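One-based numbering along the sequence shown. Not measured: the values here are computed from a predicted model.
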Amino acid sequence: MNLHDAAAAVLAYSLQSGLLLVTGLLLPRLIRLRHPRTLLVYWQVLLVVVLVLPLVPLDWARPQSLPTMSLEGLQIEAAVATALPETISNTGWHIMLAFAVGVALLGILRITLGLGYLTSCRRHAAPLEPTPPPVARLQERFGLEVPFLVSNRLTAPLTFGWHQPTVLLPQSFRDLSHDQQEGVACHELLHVRRMDWPVTFLEEVLRAILWFHPAVWLILPRIALNREQVVDADTIRLTGKRRPYLDALWSVVCSSQQTGAALAVPFLGRSDLVDRVACLKKEISMSKARIALSVLVLSLSLVVTGFMGATVFANDSSSPLAFGGLPHSDAPEKERPTSEDEQLETVSFEGNCAEITDPVVVEKVNPRYPPEAKEEKVMGIVTVKTVITEEGWVDDIEVVRSDDERFSKSAIDAIKQWRFDPALCDGTPVSVYYNLTVRFRLE
């Protein structure tokens, strides 16, 4: 894929991904969906859809035969490729790529430093002794032998670790009442049981690598908030002590987390805490029928949006907005003749075809614009006569017309690398003579 194709690919992906993202962000507001558990699943699915769906090749976006026109009595494919000068040098693209990779590496370094900080906190933390009765009861109730450690380097509780998770608590935890301690401990044990730590860690890695994608900045915070709201609701349901838990949120979580820990884990700030408390006070609930209807509406809307995006911004090689796409010709489109004596001429097939289809280009390489011709601002076209084999290869290339001999070699070198879906004679692949045109144009 050359520079122009890469730019077209990025543009196609951005348009499809942006359409899905904007639609996905608006849908919950339009249908007034506020149920945290449903929203959590929805945001997770939306993130995958926005990042992955525009990369999936779809059948209806398959490239079709390009328009044909008549030139000097030959039936040719109109401007199937255009050689354009690269206005942005490869060096410029390399700098941009290096910058993107550099920022991603800084994000990974940030996570690594944070993990090291949290590991140090765990190493120097002291066991919670004596273990408060509510904490001991919860450990037994959940069947989890998770160590509770107290660190003077933290100001808010957190769960840390993958295979052997640990609950790290601030010194202020000792000053809480037993009911408040029960709420905080239940919250952290629920995170352990749900295996939220590895999920959160992977989300942070995704944020670091795809730092340039708006979806990770717009959707991941929503996922984090709804995850906390779900755990908050489960905590109150299991403990039955709403007011003490709310007081614990204000007294513990409201404290600002120290920078070192925040390097590794995205802690919720004061504004998100307000949303959590508001959610607990409202006791948001939805009937199963309402949830099912909301899921159906959201799913159908995303499917329709994805279909529209893939159709309008199709990633096929005949679209200028496509992956590997090339500038299309402005030549008038003309239906291919269908009479028997005007059909494609087969190479070695003996017999008549009731129906024969054109070969369809599926892989194209733009020709290189000769530097001398570019400097002299010379433009023109090259028409070649070829054989498209039944395997889809280009063979027996012969120049029929060339406005400048300097263009001929560049055009032939590019066309040799093209691949086709072969012509079909009554459904059977056959080799055919086919004429192709390459346009060299300066803009």
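Distance check: Glu203 CD to Ile223 CD1 gives 5.0 Å after rounding to the nearest 0.5 Å. To the nearest 0.5 Å, atom CG of residue Leu21 and atom NE2 of residue His213 are 7.5 Å apart.
A salt bridge does not link Arg137 with Glu140: none of the charged nitrogens is closer than 4.0 Å to a carboxylate oxygen. No salt bridge links Arg406 with Glu372; every basic N to acidic carboxylate O contact stays at or beyond 4.0 Å.
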Practice problem: Run the numbers on Glu228 and His191 for side chain to side chain donor-acceptor pair (under 3.5 Å), then give the verdict. | Solution: CA-CA 9 Å; Glu228 293 298 321; His191 276 307; 3.2 Å; yes
Quiz item: Should Asp232 and Gln229 be marked as a side chain to side chain donor-acceptor pair (under 3.5 Å) after you check the CA-CA gap, both sets of side-chain angles, and the distance that decides it?
Solution: CA-CA 5 Å; Asp232 287 340; Gln229 289 175 332; over 6 Å; no
Exercise. Might you work through the side-chain contact (heavy atoms from CB on, under 4.5 Å) test for Ile111 and Arg207, ending with a clear yes or no?
Key: CA-CA 10 Å; Ile111 295 175; Arg207 190 199 303 270; over 6 Å; no
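The side-chain heavy atoms of Ser120 and Arg153, taken from C-beta on, include a pair separated by under 4.5 Å. Contact check for Leu33 versus Leu298: side-chain heavy atoms found under the 4.5 Å cut-off. Side-chain atoms of Tyr434 and Pro359, non-hydrogen and from C-beta on, do get closer than 4.5 Å to each other. In this structure, Ile415 and Val384 have side chains that are in contact, with non-hydrogen atoms separated by less than 4.5 Å. A heavy-atom distance below 4.5 Å is found between the side chains of Leu27 and Tyr42.
Of the listed residues (Thr386, Ile397, Val361), just one forms a side-chain contact (heavy atoms from CB on, under 4.5 Å) with Leu436, and that residue is Thr386.
The environment of Arg243 atom CZ is sparse: at most 12 non-hydrogen atoms of other residues, nucleotides or ligands sit within 6.0 angstrom.
Side chain of Ser17 to main chain of Leu51: no donor-acceptor pair is present (N/O by atom type, distance under 3.5 Å, no hydrogens or angles). In terms of modelled atom types and a separation under 3.5 Å, the side chain of Arg222 and the main chain of Leu218 share a donor-acceptor contact.
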